[in-house]
Novice: 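Following this message is one structure expressed as C-alpha cells.
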Amino acid sequence: MDVNERIKAVLADHAIVLFMKGTPQFPMCGFSSRAVQALQAAGADFHAVNVLADPEVRAALPHYANWPTFPQLFIQGELIGGCDIVEDLKVSGELARMAADVAGVQH
Ligand SMILES: N[C@@H](CCC(=O)N[C@@H](CS)C(=O)NCC(=O)O)C(=O)O
Ligand code: FES
C-alpha cells in the first residue's frame, strides 16, 4: 500500500483520527498535547497516529489534507483542522456534539 492508501485506510477504519506528534499518553509537542486534551475533555473516542514514528505519513499528509502542520484532526474522513480549531470547537461545545454524533452513527 502506498502512503496515500495507508492514510485513506486509517481514515476509513476510524471515525475520529488525530495525526499527532507522539502519543496521547506521551505527546512530543505542546500543540499535539493541547489537541489530545481538548478531545479527551469532549469525550471523543479517537484513534491517534504518531507521525514522528511514520515519516512517510508526516511528509505526505500535508499534501493529502492541504494543511501544513500537525496535529490534524479528521472526523469521518474530513479534515477538521489543527489544535487552534480543535480547542475552539471544544470551548463552543461543538466538539462534544460532533463526537456524540459519530458515536451515535457507529452504534
Ligand atoms: N497553530 C497550529 C500549530 C501547529 C504547528 O504549528 N505545528 C508545527 C510544529 S509542531 C508543525 O506541524 N510543523 C510541520 C512539521 O513539523 O512537520 C495549529 O492550530 O495546529
Ligand atoms: S515539535 Fe516543535 S513546535 Fe511542535
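Bear in mind that the values here come from a model prediction, so they are computed numbers and not experimental data. Every number for a ligand or one of its atoms is a count from 1 in the order of the listing.
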Novice: How about Ile16 and Asp45: do any of their side-chain heavy atoms sit closer than 4.5 Å?
Specialist: no
Novice: For atom 14 (C) of ligand 1, grab the closest protein heavy atom and report residue, atom and distance to one decimal in Å.
Specialist: Pro68 O, 4.0 Å
Novice: For atom 13 (N) of ligand 1, what's the nearest protein heavy-atom neighbour? Residue, atom name and distance, please.
Specialist: Thr69 CG2, 4.0 Å
Novice: Under a strict 4.0 Å criterion on non-hydrogen atoms, which protein residues are in contact with ligand 2?
Specialist: Lys21, Cys29, Phe31
Novice: Output the list of atoms in ligand 1 that are nearer than 4.0 Å to some heavy atom of Cys29, sorted by atom number.
Specialist: 10 (S)
Novice: What atoms of ligand 1 come closer than 4.0 angstrom to any heavy atom of Arg58?
Specialist: 15 (C), 16 (O), 17 (O)
Novice: With heavy atoms under 4.0 Å as the rule, classify the contact between Phe70 and ligand 1 as side chain, backbone, both or neither.
Specialist: both
Novice: Within the structure provided, determine whether Met20 and Phe70 are in side-chain contact (heavy-atom separation under 4.5 Å).
Specialist: no
Novice: Would you say that Leu11 contacts Phe19 through its side chain, given a criterion of any heavy-atom pair below 4.5 Å between the two side chains?
Specialist: yes
Novice: When you look at CD of Glu5, are more than 12 heavy atoms from neighbouring residues, nucleotides or ligands closer to it than 6.0 Å?
Specialist: yes
Novice: Are Lys8 and Tyr64 close enough that some pair of their side-chain heavy atoms sits under 4.5 Å apart?
Specialist: yes
Novice: What protein heavy atom is closest to atom 9 (C) of ligand 1, reported as residue, atom name and distance in Å?
Specialist: Lys21 NZ, 3.9 Å
Novice: Are Asp101 and Arg97 ion-paired here, with the side-chain N under 4.0 Å from a carboxylate O?
Specialist: yes
Novice: Tell me the protein heavy atom at minimum distance from atom 18 (C) of ligand 1, and give that distance in Å.
Specialist: Cys83 N, 3.4 Å
Novice: Group every Ile, Leu, Val, Met, Phe, Trp and Tyr by side-chain heavy-atom contacts under 4.5 Å, then state whether Leu52 and Phe46 land in the same group.
Specialist: no
Novice: Do the side chains of Phe31 and Leu79 join up, straight or via other hydrophobic residues, at under 4.5 Å, putting them in one cluster?
Specialist: no
Novice: Can you find a pair of side-chain heavy atoms, one from Arg6 and one from Glu56, that are under 4.5 Å apart?
Specialist: yes
Novice: Which protein non-hydrogen atom lies closest to atom 19 (O) of ligand 1, naming both residue and atom, and how far is it?
Specialist: Asp84 N, 2.9 Å
Novice: Is it true that, when you exclude Asn66 itself, more than 12 heavy atoms of the residues, nucleotides or ligands shown sit nearer than 6.0 Å to its CG?
Specialist: no
